[in-house]
Colleague: 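If you scroll down you'll find the structure; I have some questions about it.
Quick caveat: nothing in here was measured; it's all calculated off a predicted structure.
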Amino acid sequence: MRLLPAAILAIGTLCATTQARAADPDWIFANSGPGGQPMIISHQGTLDVMFYRSASGTLGIAFHQRRGKYRNPKGVETAMAMIGKFTVALQTFLTGQKWDTAGGDLKPDTVPDMINALKNASTGALIPFEHDPVSFSLKGAMPALEDLAHYAMAHGESLPPPLQPAAAAPRPSRGWT
């Protein structure tokens with residue numbers, strides 16, 4: 001059963017690589033993100049950009065720098081991810097002598113602002129602590145996020161609006177007096 005996510009990722013990679021271009025990165029769906037949550041990922045040079053459904057039911061964003069050699073002697077610092085005018089504060093973690101990951105969950109009330117930024121921005125920037133900004137492409141991210149929302153809904157999971165419609169308000173009970 002654990003082979004299924006790898007098979008989906010492999011099929012997605014094969015389908016995406018035939019049409020992928022440097023200016024139009026691939027966004028691959030995988031249902032094996034952090035904590036087993038569904039995610040979309042784009043491999044862009046040595047940078048992996050990920051959006052995932054977090055365990056709390058909201059949306060997370062993470063970045064992995066492959067083959068990076070950044071040194072950060074303090075171990076944990078803050079990084080920023082900028083998508084248009086939308087900014088997310090992230091934590092960067094040091095594993096060994098390599099800056100490896102920056103990621104964090106968004107709050108449900110910030111997701112609409114990020115979605116609006118995604119609709120208008122074609123690139124973003126990851127700004128690690130005391131390092132040069134690393135730009136990344138967002139082309140294709142919005143349709144992939146919508147696919148992620150449909151997958152979550154089909155599996156009884158949720159994502160905050162506007163990726164998924166808000167839950168219907170409960171009807172007031174009509175009590176007899």
Colleague: Looking only at heavy atoms, which two atoms of Pro160 and Gly57 are closest? And how far apart?
Modeller: CD-O, 3.5 Å

Colleague: Can any side-chain N or O of Gln164 pair as donor or acceptor with the backbone N or O of Ala149 at less than 3.5 Å?
Modeller: no

Colleague: Does Gln44 reach the main-chain N or O of Ser137 with its side chain, forming a donor-acceptor pair under 3.5 Å?
Modeller: yes

Colleague: Are side-chain heavy atoms of Ile28 and His43 found at a separation under 4.5 Å?
Modeller: yes

Colleague: Is there a path from Tyr151 to Ile40 through hydrophobic residues (I, L, V, M, F, W, Y) whose side chains come within less than 4.5 Å of each other?
Modeller: yes

Colleague: Please confirm whether the backbone N or O of Asp26 pairs with a side-chain atom of Ser42, one donor and one acceptor, at under 3.5 Å?
Modeller: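 It does hold such a pair.
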
Colleague: Is there side-chain contact between Leu47 and Leu126, with at least one heavy-atom pair below 4.5 Å?
Modeller: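 Yes, side chains in contact.
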
Colleague: Following the transitive rule for hydrophobic clusters with a side-chain heavy-atom cut-off under 4.5 Å over Ile, Leu, Val, Met, Phe, Trp and Tyr, establish whether Phe86 and Leu145 coincide in one cluster.
Modeller: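 Same cluster.
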
Colleague: With a 4.5 Å limit on heavy-atom distance, are the side chains of Glu157 and Pro38 in contact?
Modeller: yes

Colleague: Taking the side chain as every heavy atom from C-beta outward, state whether Leu148 and Leu59 have any atom pair closer than 4.5 Å.
Modeller: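 In short, these two side chains touch, coming nearer than 4.5 Å.
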
Colleague: To the closest 0.5 Å, what do you measure between OG (Ser122) and CD1 (Ile83)?
Modeller: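 The distance works out to 11.5 Å.
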
Colleague: Would you check if Val134 and Phe136 make a side-chain contact, meaning some heavy-atom pair closer than 4.5 Å?
Modeller: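 No - every pair of side-chain heavy atoms lies 4.5 Å or more apart.
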
Colleague: Taking atom CD1 of Ile61 and atom OG of Ser54, what is their separation to the nearest 0.5 Å?
Modeller: 12.5 Å

Colleague: When clusters are formed by joining ILVMFWY residues with side-chain heavy atoms under 4.5 Å apart, either directly or through shared neighbours, do Ile127 and Leu138 land in the same one?
Modeller: no

Colleague: Do Trp27 and Leu118 sit in the same hydrophobic cluster, where Ile, Leu, Val, Met, Phe, Trp and Tyr count as joined when their side-chain heavy atoms come under 4.5 Å apart?
Modeller: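 Looking at the clustering, Leu118 is in the same group as Trp27.
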
Colleague: Applying side chain to side chain contact (heavy atoms under 4.5 Å, CB included) to Phe63 and Leu90, what does each step give before you reach the verdict?
Modeller: CA-CA 9 Å; Phe63 299 85; Leu90 309 164; 3.7 Å; yes

Colleague: Examine distances only and state if a side-chain atom of Thr58 and a backbone atom of Leu106 form a donor-acceptor pair shorter than 3.5 Å.
Modeller: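 Such a contact is found between Thr58 side chain and Leu106 backbone.
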
Colleague: Hydrophobic cluster membership, with links at side-chain heavy-atom distances under 4.5 Å among I/L/V/M/F/W/Y: are Met142 and Phe51 in one?
Modeller: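 Yes, one cluster joins them.
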
